[in-house]
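Numbering of residues begins at 1 and proceeds along the displayed sequence.
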Amino acid sequence: MEQGVTPSAEGLGGTVWNVVGQTYRPKLHSPNTFIWHADVPKETFVPPHIHPTQDEWIYMLEGNLEVEFGADVHQVGVGDTVQMPMGVAHGIFNRSGTDAKCVFGVAPARKLFDLFVALDGVTDPEELVKLSAMHEVDFLPPPDAA
């Protein structure tokens, strides 16, 4: 990790990604951890998936999200922290009717930074699933296909 400050409205080196309709700005990246700011527009979501090699967390700054661990649905709002241990399936949904802002992190960083580089602007679900699997993120099949 390099020393310094990443300004609030910027990502590392000016980087901004569009991943599944959400805007991600990387804030810190090292082999040990990866942290990014996310603008999560209403009605967007990250389908249920598993990080087999990373713990993940979310800290809510604005708005509300729903985080699903299987049938377990948690309502999260400003100031809440969500813990998503490695190997545990989770999905993240903004069904609130308003936009949300939060900070995500994973440890260790593994291949997630490179995944977001690869996913920037990808809209085809099959390509998203394929690229994610290549970077240690496994999406679950849709409920109808399970």
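- With a 4.5 Å cut-off on side-chain heavy atoms, L12 and W36 do not count as touching.
- Using a distance-only test at 3.5 Å, with no hydrogens or angles considered, a donor-acceptor pair links the side chain of D55 to the main chain of M86.
- Separating the NE2 atom in H135 from the CG atom in L119 is a distance of 8.0 Å, to the nearest 0.5 Å.
- Applying the ring pair (Phe, Tyr, Trp, His ring centres under 6.0 Å) definition to pairs two or more places apart or across chains, those involving residues 3-23 are W17-F113, W17-F116.
- Take E43 and apply the salt bridge (Lys or Arg N to Asp or Glu O under 4.0 Å) test, not counting sequence neighbours, and it matches no residue.
- Distance CG/L28 to CZ/F34: 9.5 Å, rounded to 0.5 Å.
- Between V82 and E56, every side-chain heavy-atom pair lies at or beyond the 4.5 Å cut-off.
- The closest side-chain heavy-atom distance from K42 to T98 is not below 4.5 Å.
- Note that CD of E68 and CG of L65 are 11.5 Å apart. Values are rounded to the nearest 0.5 Å.
- Put simply, I35 and V137 are part of two different groups of oily side chains (I, L, V, M, F, W, Y) that touch within less than 4.5 Å, one to the next.
- Side-chain contact between L131 and E127 is present, with heavy atoms from C-beta onward closer than 4.5 Å.
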Q: Please test Y59 against L61 for side chain to side chain contact (heavy atoms under 4.5 Å, CB included), starting from the C-alpha separation and ending with a verdict.
A: CA-CA 7 Å; Y59 180 77; L61 300 172; 3.8 Å; yes

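- One distance of note links CD of E62 with SG of C102; it measures 10.0 Å at 0.5 Å rounding.
- Residues Q22 and N94 are not in side-chain contact: their nearest non-hydrogen atoms beyond the backbone lie 4.5 Å or more apart.
- In this structure, NE2 on H74 lies 11.0 Å from CD on E66, to the nearest 0.5 angstrom.
- The side chain to side chain donor-acceptor pair (under 3.5 Å) test with E136 is passed by exactly one of R110, Q54, H51: R110.
- Summarising the geometry, atom CH2 belonging to W57 is positioned 9.5 Å from atom CE belonging to M84; distances are rounded to the nearest 0.5 Å.
- Using modelled atom types, no side-chain atom of H29 and backbone atom of M1 make a donor-acceptor pair closer than 3.5 Å.
- What you find for A109 and S30 is that their closest heavy atoms are CB-O, 2.9 Å.
- Under the 3.5 Å distance criterion, the side-chain polar atoms of K27 are matched with a main-chain donor or acceptor of P7.
- Between L115 and S132 the shortest side-chain heavy-atom distance falls below 4.5 Å.
- Hydrophobic clustering (ILVMFWY, side-chain heavy atoms < 4.5 Å, transitive): V46 and V73 are in distinct clusters.
- Ring geometry, F93 versus F45: the interplanar angle falls under 30°, so the pair is classed parallel (tilted spans 30 to 60°).
- I50 has its side chain within reach of L140: a pair of non-hydrogen atoms, C-beta onward, lies under 4.5 Å apart.
- When side chains are defined from C-beta on, I58 does not count as touching V76, because their heavy atoms never get closer than 4.5 Å.
- Side chain of T15 to main chain of R25: no donor-acceptor pair is present (N/O by atom type, distance under 3.5 Å, no hydrogens or angles).
- Counting only distance, with no hydrogens or angles, the side chain of D80 and the backbone of G77 share a donor-acceptor pair below 3.5 Å.
- For the side chain to side chain contact (heavy atoms under 4.5 Å, CB included) criterion with T23, the lone passing option out of N18, V16, V40 is V16.
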